[in-house]
Amino acid sequence: MTILQAALIGLVAAISLLEGGWLGECKLREPVVTGALVGLIMHDLQQGLIIGAQLQLIFMGAASIGPTAGLSVGPGGTIGAAIALATNSGIEVAMTFAVPVSLLLQFLETIIYTLYSPMMHKVDNLIDEGNREKSIVGIHYLSGLITLVVYWLITFIALYFGNDAISNIVNNIPEWVNNGLN
């Protein structure tokens with residue numbers, strides 16, 4: 001994977017996380033969309049769309065209800081599709097990476113949002129002071145920008161510098177695991 005491909009895929013993963021907060025509900029976080037974008041970046045739109053659609057079926061049942069944490073479907077699906085395309089593999093490899101990565105990234109998202117608590121206290125104080133809309137909006141966008149950079153960086157590093165480790169994992173997945181996932 002080239003440095004440009006890793007950077008662009010990192011951007012897809014990061015932007016997919018911001019959907020809902022900044023972009024409205026445009027469904028950019030759905031694996032069928034991110035898979036197609038990854039396929040486009042990696043010059044295999046058809047296979048990216050196929051893998052994304054298959055991941056979509058897996059993630060369709062993932063919903064967070066009430067206070068339970070869901071899966072970070074956008075970045076997880078993006079990374080799963082990228083790894084499957086980079087290793088010339090199929091849905092088995094995409095799923096092997098997408099589901100655990102989604103779970104880990106959701107945990108990271110919870111940590112990031114917890115770290116934003118001091119900024120939210122600042123927003124509360126600005127509200128109490130009255131008419132501080134520009135500062136409040138600035139904090140909102142700063143939080144989103146920090147999240148975007150963190151997720152972009154994680155995805156970029158994993159995909160660009162983790163090529164050997166990823167290939168090693170993919171090549172050593174036992175046949176019974178592939179058969180079971182298939």
Asks: Applying the side-chain contact (heavy atoms from CB on, under 4.5 Å) test to L159, which of I154, I3, V38, I9 qualifies?
Replies: I9

Asks: Taking side chain to side chain donor-acceptor pair (under 3.5 Å) as the definition, give me every residue that meets it alongside T147, ordered by chain and number, with sequence neighbours left out.
Replies: Y116

Asks: Enumerate the residue pairs fulfilling salt bridge (charged side-chain N to carboxylate O under 4.0 Å, His left out) with a member in residues 115-130, sequence neighbours excluded, ordered by first and then second residue.
Replies: E129-R132

Asks: Please list all pairs meeting side chain to side chain donor-acceptor pair (under 3.5 Å) that have one or both residues in residues 36-48, counting only residues at least two apart or in different chains.
Replies: none

Asks: Should L8 and L40 be counted in the same cluster of Ile, Leu, Val, Met, Phe, Trp and Tyr side chains packed under 4.5 Å apart?
Replies: no

Asks: Looking at residues at least two apart in the chain, or sitting in another chain, which of them share a side chain to side chain donor-acceptor pair (under 3.5 Å) with E109?
Replies: Y113

Asks: Report yes or no: do L104 and L55 belong to one cluster of Ile/Leu/Val/Met/Phe/Trp/Tyr joined by side chain heavy-atom distances under 4.5 Å?
Replies: no

Asks: CG of L148 to CG of L11: how many Å apart, nearest 0.5 Å?
Replies: 6.5 Å

Asks: Side chains of L115 and I146: does their closest heavy-atom pair fall under 4.5 Å?
Replies: no

Asks: Under the 3.5 angstrom rule, does the side chain of Y151 hit a backbone N or O of S16 as a donor-acceptor pair?
Replies: no

Asks: Would you mind reporting whether I83 and T96 have side-chain heavy atoms less than 4.5 Å apart?
Replies: no

Asks: How long is the span from the OG atom in S143 to the CG atom in L18, to the nearest 0.5 Å?
Replies: 11.0 Å

Asks: Which atom pairs, one a donor and one an acceptor, fall under 3.5 Å between side chains of residues 70-81 and the rest of the protein, sequence neighbours left out?
Replies:
| residue | atom | partner | partner atom | Å |
| --- | --- | --- | --- | --- |
| T78 | OG1 | G74 | O | 2.6 |

Asks: Identify, with sequence neighbours excluded, every residue that meets side chain to side chain donor-acceptor pair (under 3.5 Å) alongside Q56.
Replies: E30

